[in-house]
Amino acid sequence: MARVELKNLGKIYPGNVEAVKNANLVVNDKEFVVLVGPSGCGKSTTLRMIAGLEEISGGTIHIGDTLVNDVPPKNRDIAMVFQNYALYPHMTVYKNMAFGLILRKYPKKEIERRVHEAAEILGITELLDRRPKALSGGQRQRVAVGRAIVRQPKVFLFDEPLSNLDAKLRVQMRTEISKLHTRLQSTMIYVTHDQVEAMTMGDRIVVMLDGVIQQVAPPLELYNHPVNRFVAGFIGSPPMNMIEGKLIAENGALFFVDEKATIKLQTPKSREATLEAYADKPITLGIRPEQLLDNLAQQEKPGVSINAMVEVVEPMGSEINLYLSVGGQSLTARIHSDAPPEVEKPHILDVDMEATHFFDANTEMTIY
């Protein structure tokens, strides 16, 4: 397996469209790294440049110790799994998986060993004589992954491989791919627009926006310590509540007040020294839905309660999503409750201020 290193990598399309800007990233040997971001952020373009399917406009790509800028895809020792599976419809599953090895003139017995070994790992041994049209979407995806496995490449590249599957199958397949990574101990780079996939699969996550890498971190670090407002809002479901307002000093304490002066929350003592520089300046408060605590399950804490009006109650099984309004401000809460609040009724929630996030209103960077 191999380490992948991108240095100042860039891609400019005709018309001076800059798809990837000065990307710097190191993917360590045997690491599972996920590139995530909204459509058009440059994640698939970055992956395709690593694969050699897209010409780079600047910077360098190393796979292992080899500079691969001018190395053709077939000589980069990588295997790629595509969104549309890219299977040959006229070939059986066995031949689809073996085709790359046949082209490279591997011995017949070695091809057979590798194909059967991969099929056993993926649970598709009984499908080897079928053609793609006789397979379900999940089975086709397994075949596409199997075709990559038999190559035994230095690096596996996945380009949104689960986006064509239904929700249940996506959950199952992302678990299978994670187990596959553990079993093969291989270097994997995985692209998705689904932040849940990213959070559950990656050793580290690369968040991209407008061709720029915003943050690279393990899932929980990304969730708990986002570097800016975009990362904070993109990672997490339901997304973080963002409230525009300012900080005011009052009776020796610092309070956050929203723009309509309907929400007033005392800032944590542990953050006052950092936040004092923003007194009377515009600021954004970020509150994750699970940081709005159901007052029925917790004693009220002075200064951190919100009186909200319930607009929508969304049961999710063990949890409930609440969509609320506070003086025209929309908020989302995720609570545990056996007795859901009533729609169009007032409800009191407490804010876990120690876990909230503050962002500079101008730069949108996190205030630590």
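Because only heavy atoms are used, hydrogens play no part in the values below, and waters and symmetry mates are left out as well, while side chains stay in.
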Practice prompt. Inspect the contact between Glu176 and Lys179 and indicate whether a charged nitrogen and a carboxylate oxygen are less than 4.0 angstrom apart.
Written response: yes
Which of Ile367, Asp360, Ile243 passes side chain to side chain contact (heavy atoms under 4.5 Å, CB included) with Ile283? Answer is Ile367
The side chain to side chain contact (heavy atoms under 4.5 Å, CB included) partner of Leu6 among Val26, Asn24, Thr46, Ile213 is Thr46
Check the surroundings of atom [atom1] in [X]: do more than 12 heavy atoms from other residues, nucleotides or ligands lie under 6.0 Å from it?
X: Lys246; atom1: NZ; answer: no
X: Asp129; atom1: CG; answer: no
X: Glu126; atom1: CD; answer: yes
X: Lys21; atom1: NZ; answer: yes

Only one of Glu197, Glu160, Arg170 passes side chain to side chain donor-acceptor pair (under 3.5 Å) with Thr192, and that residue is Glu197
message = Any non-hydrogen side-chain atom of Gln141 less than 4.5 Å from a side-chain atom of Val145?
response = yes
### Message
Within the structure provided, determine whether Leu322 and Asp294 are in side-chain contact (heavy-atom separation under 4.5 Å).
### Response
no
Using 30° and 60° as the class limits, which term best fits the ring planes of Phe256 and Phe358: parallel, tilted or perpendicular?
perpendicular
- Would you call the rings of His116 and Tyr94 parallel, tilted or perpendicular if under 30° counts as parallel and over 60° as perpendicular? tilted
* Asked: Strictly by modelled atom types, are Thr45 and Glu54 linked by a side-chain donor-acceptor pair under 3.5 Å?
  -> no
Is there a donor-acceptor contact under 3.5 Å linking the side chains of Glu354 and Ser270? yes
Got a list of side-chain donor-acceptor pairs under 3.5 Å for residues 227-238, not counting sequence neighbours?
unit_1	atom_1	unit_2	atom_2	d
Asn228	OD1	Phe230	N	3.3
Asn228	OD1	Val231	N	2.9
Asn228	ND2	Gln214	OE1	2.9
Arg229	NH1	Glu244	OE2	2.6
Arg229	NH1	Thr284	OG1	3.4
Arg229	NH2	Glu244	OE2	3.1

On a heavy-atom basis, the closest approach of Ala2 and Ile63 is CB-CG2, 4.2 Å
| query | So, does Arg76 use its side chain to make a donor-acceptor pair with the main chain of Val71 at under 3.5 Å? | reply | yes
Check: Pro132 main-chain N/O paired with Arg140 side-chain donor or acceptor under 3.5 Å: yes
Co-membership, hydrophobic cluster, residues Ile335 and Val310, 4.5 Å side-chain: yes
Residues at least two apart in sequence or cross-chain that pass salt bridge (charged side-chain N to carboxylate O under 4.0 Å, His left out) with Arg113, listed by chain then number, are Glu110, Glu117
In short, salt bridge (charged side-chain N to carboxylate O under 4.0 Å, His left out) pairs touching residues 79-98 with sequence neighbours left out are none
Would you verify whether the NZ or CZ of Arg288 falls within 45 degrees of the ring axis of Tyr223 while also being under 6.0 Å from that six-membered ring's centre?
yes
